[in-house]
Amino acid sequence: MLMVTREIPAELAAWLAESLKEEYEPFQQSIQEDPVIGLRTNPAKSYPIPWATRPVPWHPNGYFLDVRPGFTLDPGFHAGAYYVQDPATMAIYSTLKDALQGGPKRILDLCAAPGGKSTLIASLLRSDDILLANEVAPQRYHILLENLTKWGIPNVLTLSTAPEQLQSACPAAFDVILVDAPCSGEGMFRKEPVALEQWSTGLVRQCALRQEKILDSAWELLAPGGLLIYSTCTFNHFENMDQMDRILGRITNATPVHIQEHVSGISRIDTDAAIGYQCWPHRVSGEGFFFAALKKSENLHHSSRKKSRPLPKIHSSMAKELAHHITNYQSQSALVHNHFLYAVPAIQLDFISMLLQHFPKTEPVACLGQWIGNQIKPHPALALSTSYGGSYPDLELELEQALAFLAQQALPIQASSGWLRVTYQGLGLGWVKSVGGRLNNYHPKHWRIRHLPRDME
Ligand code: SAM
């Protein structure tokens with residue numbers, strides 16, 4: 001096998017040698033190794049992972065894999081049974097878990113695509129919590145929505161807007177905010193060769209400026225008493241500790257948060273003001289990951305949460321549809337938006353209506369279907385939802401049939417007429433409608449598997 005030598009740019013090598021000292025050599029060696037492969041299973045979807053795995057000690061659903069399998073050809077991947085994720089990034093798990101204690105929480109993942117951290121947060125939500133997963137880049141928004149829809153946790157909303165827009169619409173609205181910032185990606189050198197090719201001191205400066213702006217908005221979006229978690233996949237202090245120092249030097253109601261160090265090998269970084277945590281690839285099995293948390297004090301100003309206008313009255317037929325299609329309907333309220341019927345946590349309805357008024361393109365993940373004449377045409381999200389109530393018959397498929405369904409091919413199967421939920425090993429994948437002895441495939445075109453193995457085409 002051809003060995004590729006990854007050469008760390010000279011300026012970066014000098015910065016890292018200064019901070020790592022005698023550990024610089026093992027770090028440099030670790031950069032030459034293959035990236036670590038990991039996944040996190042969905043605790044709400046039971047599925048036997050078809051490859052050998054070893055547990056990630058710092059996340060109850062995290063696993064290492066020794067080789068990278070072809071995930072695309074495993075229907076479990078498309079059913080949201082697991083998310084492929086760098087184990088180092090799972091280090092924020094316990095911080096998020098602790099942050100979600102107490103009463104209902106509104107959580108914002110401000111830089112969310114493709115959705116790795118959002119799916120991690122979604123699995124921690126209780127029935128009255130809500131997660132808003134936002135991604136500013138329209139071309140990255142769709143994969144975020146797809147991943148969260150497949151993950152299937154209902155109390156999640158997605159949005160594509162700039163942090164400043166969100167800040168002016170709903171200041172002080174969120175109890176927990178994650179800023180997993182766009183960065184120079186020094187921690188991704190093994191996984192994404194382009195990060196190494198594109199690295200420059202100019203890029204670091206540019207990223208740091210962008211991070212400042214995002215963090216300033218995030219701070220304004222945070223409710224009194226709330227927690228801001230900041231993370232990057234880079235190593236330099238300009239994008240990491242300097243960002244925390246800057247906020248703490250400028251804002252009086254911010255305090256750094258000490259985090260229980262559950263991840264063996266993680267390095268704590270202290271400056272005069274801030275505390276941060278770094279996963280180095282030579283110390284923690286994973287890629288490079290930095291995070292820190294800041295708490296906003298409770299009492300400095302009143303919440304400026306905006307009041308929303310009342311929503312239109314819900315028709316009793318909608319409430320009936322909820323009870324028919326989902327298991328958690330008692331804590332949910334029906335919402336019709338752009339002719340689609342959604343289920344949202346009743347306790348968060350005011351806030352969601354305010355969001356929809358400001359950002360009509362906000363999409364609650366729990367879409368039951370298109371609302372046509374007091375009935376629904378089921379939406380793919382309903383088949384994938386962890387609160388799906390079994391309102392249609394299931395059509396369980398074998399591996400090859402499931403892949404054919406996911407590739408949007410015809411299924412030569414006889415079935416009773418009407419809507420059927422397609423399942424693989426009991427997990428929902430999507431819908432077919434049996435009409436006149438044939439099955440119409442309703443798997444979304446933009447989700448389809450494009451390349452099946454030759455013998456299956
Ligand atoms: N949290 C994601 C996950 O775990 O899958 C990864 C997020 S990635 C590190 C950073 C994201 O920030 C990118 O999707 C990028 O499009 C977005 N971004 C870029 N510029 C931004 C800006 N000015 N404000 C907010 N987000 C931005």
Side-chain angles (χ1 to χ4, degrees), residues 38-40 42 59 61-62 71 80 82-93 95-96 107-124 131-151 153 156 158-169 174 176-189 191-192 194-195 198-199 203-222 228-236 239-240 243 279 286-293 359 365:
L39 58 77
R40 189 169 34 74
N42 187 338
H59 193 295
N61 307 109
F71 293 112
Y82 56 89
Y83 190 94
V84 181
Q85 189 170 44
D86 167 21
T89 67
M90 300 177 200
I92 53 167
Y93 164 74
T95 310
L96 282 160
I107 302 119
L108 169 66
D109 186 355
L110 190 55
C111 312
K117 318 263 179 341
S118 284
T119 55
L120 187 150
I121 297 168
S123 291
L124 289 168
L131 166 67
L132 176 65
N134 178 67
E135 169 54 46
V136 70
Q139 71 279 13
R140 288 171 60 86
Y141 171 73
H142 298 286
I143 185 67
L144 172 69
L145 177 59
E146 178 180 339
N147 283 332
L148 284 168
T149 303
K150 290 179 173 175
W151 201 246
I153 302 293
V156 176
T158 59
L159 174 63
S160 180
T161 194
E164 311 85 72
Q165 303 291 325
L166 205 52
Q167 177 194 338
S168 59
F174 296 93
V176 180
I177 300 181
L178 173 65
V179 172
D180 187 33
C183 69
S184 60
E186 293 155 3
M188 304 301 277
F189 284 173
K191 209 170 151 187
E192 293 175 10
V194 70
Q198 290 179 347
W199 191 92
L203 177 69
V204 170
R205 263 197 305 277
Q206 194 186 324
C207 290
L209 280 173
R210 186 159 52 175
Q211 289 151 358
E212 284 182 16
K213 281 183 73 179
I214 299 173
L215 280 168
D216 286 349
S217 289
W219 192 257
E220 296 305 316
L221 282 157
L222 192 65
L228 173 70
I229 304 170
Y230 176 67
S231 62
T232 70
C233 54
T234 209
F235 301 124
N236 72 75
E239 297 180 67
N240 292 344
Q243 297 293 339
C279 296
E287 306 312 299
F289 184 63
F290 167 87
F291 70 105
F359 304 103
V365 163

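All values below come from the heavy atoms of this structure, side chains included, with hydrogens, waters and symmetry mates left out. For ligands, and for the atoms within them, numbers begin at 1 and follow the listed sequence.
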So, the side chain of N42 versus the backbone of W151: is there a donor-acceptor pair under 3.5 Å, distance only? yes
What orientation do F71 and Y82 show, parallel under 30°, tilted 30 to 60°, or perpendicular over 60°? tilted
Which protein residues have a heavy atom under 4.0 Å from ligand 1? C111, A112, A113, P114, G115, G116, K117, E135, V136, A137, R140, P163, D180, A181, P182, R210, I214
Salt bridge check: are D180 and K117 linked by an N-O gap of less than 4.0 Å? yes
Would N147 and T119 count as having a side-chain donor-acceptor pair, cut-off 3.5 Å? no
Check against side chain to side chain contact (heavy atoms under 4.5 Å, CB included), C111 and I214: CA-CA 9 Å; C111 312; I214 299 173; 4.1 Å; yes
Parallel, tilted or perpendicular, judged at 30° and 60°: which one describes the rings of H59 and Y93? tilted
